[in-house]
Amino acid sequence: MPELPEVETVVRDLRPALAGRLVTDVEHGDKRLRHPWDPSWGEQIIGRKIATIERRAKWIVICFSPAAALLVHLGMTGQLTVQPTECSLADHVHLRLQLDGGVDLRFRDIRRFGGAEFLGERISWEERLLESCLGPEPWDLSEGIWLQKIQNTTRPVKSILLDQKTISGIGNIYADEALHKAGIHPQTPGKSLDKTAGVGLLLSARTVLEEAIEGRGTTLRDYVGGSGLKGSHQFRLAVYGREGEPCTSCREKVRRIVISGRSSHFCPICQPIAGRKRGGKRVIP
DNA sequence: ATGCAGTCCTGTAAGC
DNA sequence: TGCTTACAGGACTGCA
């Protein structure tokens, strides 16, 4: 399930493979994705060159010349890869951009939670994402504004981390990992976090995402980078998907509960319920 | 205004 | 063996 680190890996892989290439043909399947595909978009994309590939939170932005952009969201199972044009199409490929040089950019998405939206000259991709109220990424969110946001609500802190309007780029895996690193129970109400805990959580989120980017993201099932390679960060997860296994810090069994319909993994020793603070985590080599 | 539950979707795995 | 059921969750909608 691609979150910010996985999307960043895809974008880093795609850049050298796509920059400067001319789009010679566009094909779209008939299955409905997150955004319905306007039949006129293909014709509008053909003849443009790919200028740059950007990333904003979990969105991939393919910027064309002359100016226009294709916004892509990978959803749960989306894959955006570059392949030789002659390669046979896999199942669930919904969008195919044929490029000069004999390569394709293909969007494949089994569960179809992802999708692509073409933006012409009318609106820039920055404006489009601003319009959808996408919040800042953890590095661009000031400690002051973050504290103000979390201390103003009783929502469980896990839900706040997943709220893309408040802080963007974090999904279920890295929310659990950030809370574990910060030693905060996922059900803690936002307003119960003091300044130290709140700032600690923001810093933990940044660190967890940075480490995952270094590991080319987390591959649990479907995720692959832009070159088709899997990530490696799944081997470094402390709590996510490890229910019943020992905590990497204290060996207590990792628990799983459901918060706003999402699995939440945590260590009951390292992440006590709000109010009770511990010292540093016990680290067992 | 806020926060929660329901919805979409399909492959996988567990249970009978 | 073959069927049914539960589960995974990002982002959106609708309701309380």
Side-chain angles (χ1 to χ4, degrees), chain A residues 1-10 29-37 55-61 71-80 90-95 107-117 125 128-138 148-179 186-193 205 209 212 217-224 230-231 233-234 237 239-244 254-266:
Chain A
M1 43 222 74
E3 303 180 27
L4 188 153
E6 289 74 31
V7 178
E8 176 64 22
T9 302
V10 169
D30 51 10
K31 293 270 179 64
R32 198 200 144 88
L33 305 182
R34 165 177 302 286
H35 300 284
W37 180 262
R55 179 193 59 74
R56 174 75 175 81
K58 302 175 196 173
W59 292 90
I60 295 167
V61 191
L71 272 179
V72 179
H73 198 292
L74 299 179
M76 288 280 297
T77 51
Q79 301 174 345
L80 199 57
D91 285 342
H92 311 295
V93 171
H94 306 293
L95 179 63
F107 176 67
R108 174 173 188 256
D109 188 0
I110 295 170
R111 264 177 262 182
R112 287 152 54 196
F113 277 22
E117 181 182 359
W125 63 269
R128 177 68 187 83
L129 292 179
L130 208 62
E131 192 181 84
S132 67
C133 301
L134 186 67
E137 296 179 11
Q148 196 183 325
K149 292 262 189 184
I150 58 175
Q151 290 177 339
N152 200 27
T153 178
T154 58
R155 295 172 74 191
V157 66
K158 169 70 184 276
S159 302
I160 303 173
L161 284 173
L162 293 179
D163 179 0
Q164 304 299 304
K165 293 182 173 67
T166 303
I167 186 168
S168 64
I170 301 171
N172 210 34
I173 297 175
Y174 300 116
D176 282 2
E177 294 297 306
L179 286 164
Q187 266 177 326
T188 309
K191 60 169 48 176
S192 301
L193 293 178
L209 294 178
T218 301
T219 294
L220 295 177
R221 278 168 66 169
D222 300 293
Y223 163 74
V224 294
K230 294 181 176 184
H233 195 71
Q234 59 274 17
L237 296 178
V239 285
Y240 183 85
R242 299 188 61 247
E243 182 185 13
V254 171
R255 306 275 175 84
R256 185 182 80 94
I257 56 175
V258 175
I259 300 173
S260 355
R262 299 288 171 253
S263 281
S264 297
H265 308 76
F266 68 101

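Just so we're on the same page: letters track the sequence lines, and every chain starts at 1. Just so it is clear, the values below take in all heavy atoms, side chains as well, and ignore hydrogens, waters and symmetry mates.
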Handout entry: Whole-Å gap separating C1' (dA8(C)) and CD1 (I110(A))
Key = 12 Å

Fill in the blank from the handout: Ranking dG10(C), dC9(B), dG11(B) by distance to the side chain of K58(A), first place goes to dG10(C)

Contacts under 3.5 Å, N or O only, protein and nucleotides 12-16 of chain C:
none

Handout entry: Whole-Å gap separating P (dC7(C)) and OH (Y240(A))
Key = 14 Å

Problem - Counterpart residues, side-chain contact (heavy atoms from CB on, under 4.5 Å), relative to L129(A) (two or more places apart) - result: R56(A), W59(A), L71(A), W125(A), S132(A), L134(A)

Fill in the blank from the handout: The side-chain contact (heavy atoms from CB on, under 4.5 Å) partners of R255(A) (sequence neighbours excluded) come to E252(A), F266(A), P268(A)

Practice task
May I have the distance from L71(A) (atom CG) to dA11(C) (atom C1'), rounded to whole angstrom?
Solution key: 14 Å

Exercise for the section: State which residues pass salt bridge (Lys or Arg N to Asp or Glu O under 4.0 Å) with E117(A); sequence neighbours excluded, sorted by chain then number. Expected result: R128(A)

Problem - Validation row: P138(A), L209(A) side chains within 4.5 angstrom (heavy atoms) - result: yes

Problem - Nearest-angstrom distance from the residue atom CG of D109(A) to P of dT10(B) - result: 10 Å

Practice task
Name all residues meeting the salt bridge (Lys or Arg N to Asp or Glu O under 4.0 Å) criterion together with R112(A); count only those two or more places apart in sequence or in a different chain, and write none if there are none.
Solution key: none

Practice task
Round to the nearest Å and state the distance from R111(A) atom CZ to dT10(B) atom C1'.
Solution key: 6 Å

Handout entry: Side-chain donor/acceptor of T188(A) to backbone N/O of V157(A), under 3.5 Å
Key = no

Exercise for the section: Go through the structure and list residues passing side-chain contact (heavy atoms from CB on, under 4.5 Å) with A212(A), not counting sequence neighbours. Expected result: P5(A), Y174(A), H233(A)

Fill in the blank from the handout: Across all chains, not counting sequence neighbours, the side chain to side chain donor-acceptor pair (under 3.5 Å) partners of T166(A) are D163(A)

Problem - Counterpart residues, side chain to side chain donor-acceptor pair (under 3.5 Å), relative to R242(A) (two or more places apart) - result: E245(A)

Exercise for the section: Using a strict 4.0 Å threshold on nitrogen-to-oxygen distance, state whether D91(A) and R108(A) make a salt bridge. Expected result: no

Exercise for the section: Would you indicate, yes or no, if dT10(B) has its OP1 or OP2 atom less than 4.0 angstrom from a side-chain nitrogen or oxygen of H92(A)? Expected result: no

Exercise for the section: Would you indicate, yes or no, if dC9(B) has its OP1 or OP2 atom less than 4.0 angstrom from a side-chain nitrogen or oxygen of K31(A)? Expected result: no

Exercise for the section: Could you tell me whether the phosphate oxygens of dA8(C), OP1 or OP2, come under 4.0 Å of any side-chain nitrogen or oxygen in R256(A)? Expected result: yes

Problem - Terminal axis angle for the helix from dT2(B)-dA16(C) to dC16(B)-dG2(C), five pairs an end, nearest 10 degrees - result: 60°

Practice task
Would you mind reading off the distance between R242(A) atom CZ and dA8(C) atom P, rounded to a whole angstrom?
Solution key: 17 Å

Practice task
Using whole Å, report how far CG of D91(A) lies from C1' of dT12(B).
Solution key: 16 Å

Handout entry: d(CG, L4(A); C1', dA11(C)) in whole Å
Key = 16 Å

Taking N or O atoms only and anything under 3.5 Å, show me the protein contacts with nucleotides 1-8 of chain B, one pair per line.
from   : atom 1 : to      : atom 2 : distance (Å)
dG3(B) : OP1    : T153(A) : OG1    : 2.3

Handout entry: All side chain to side chain donor-acceptor pair (under 3.5 Å) counterparts of Q164(A), not counting sequence neighbours
Key = none

Fill in the blank from the handout: The side chain to side chain donor-acceptor pair (under 3.5 Å) partners of K58(A) (sequence neighbours excluded) come to none

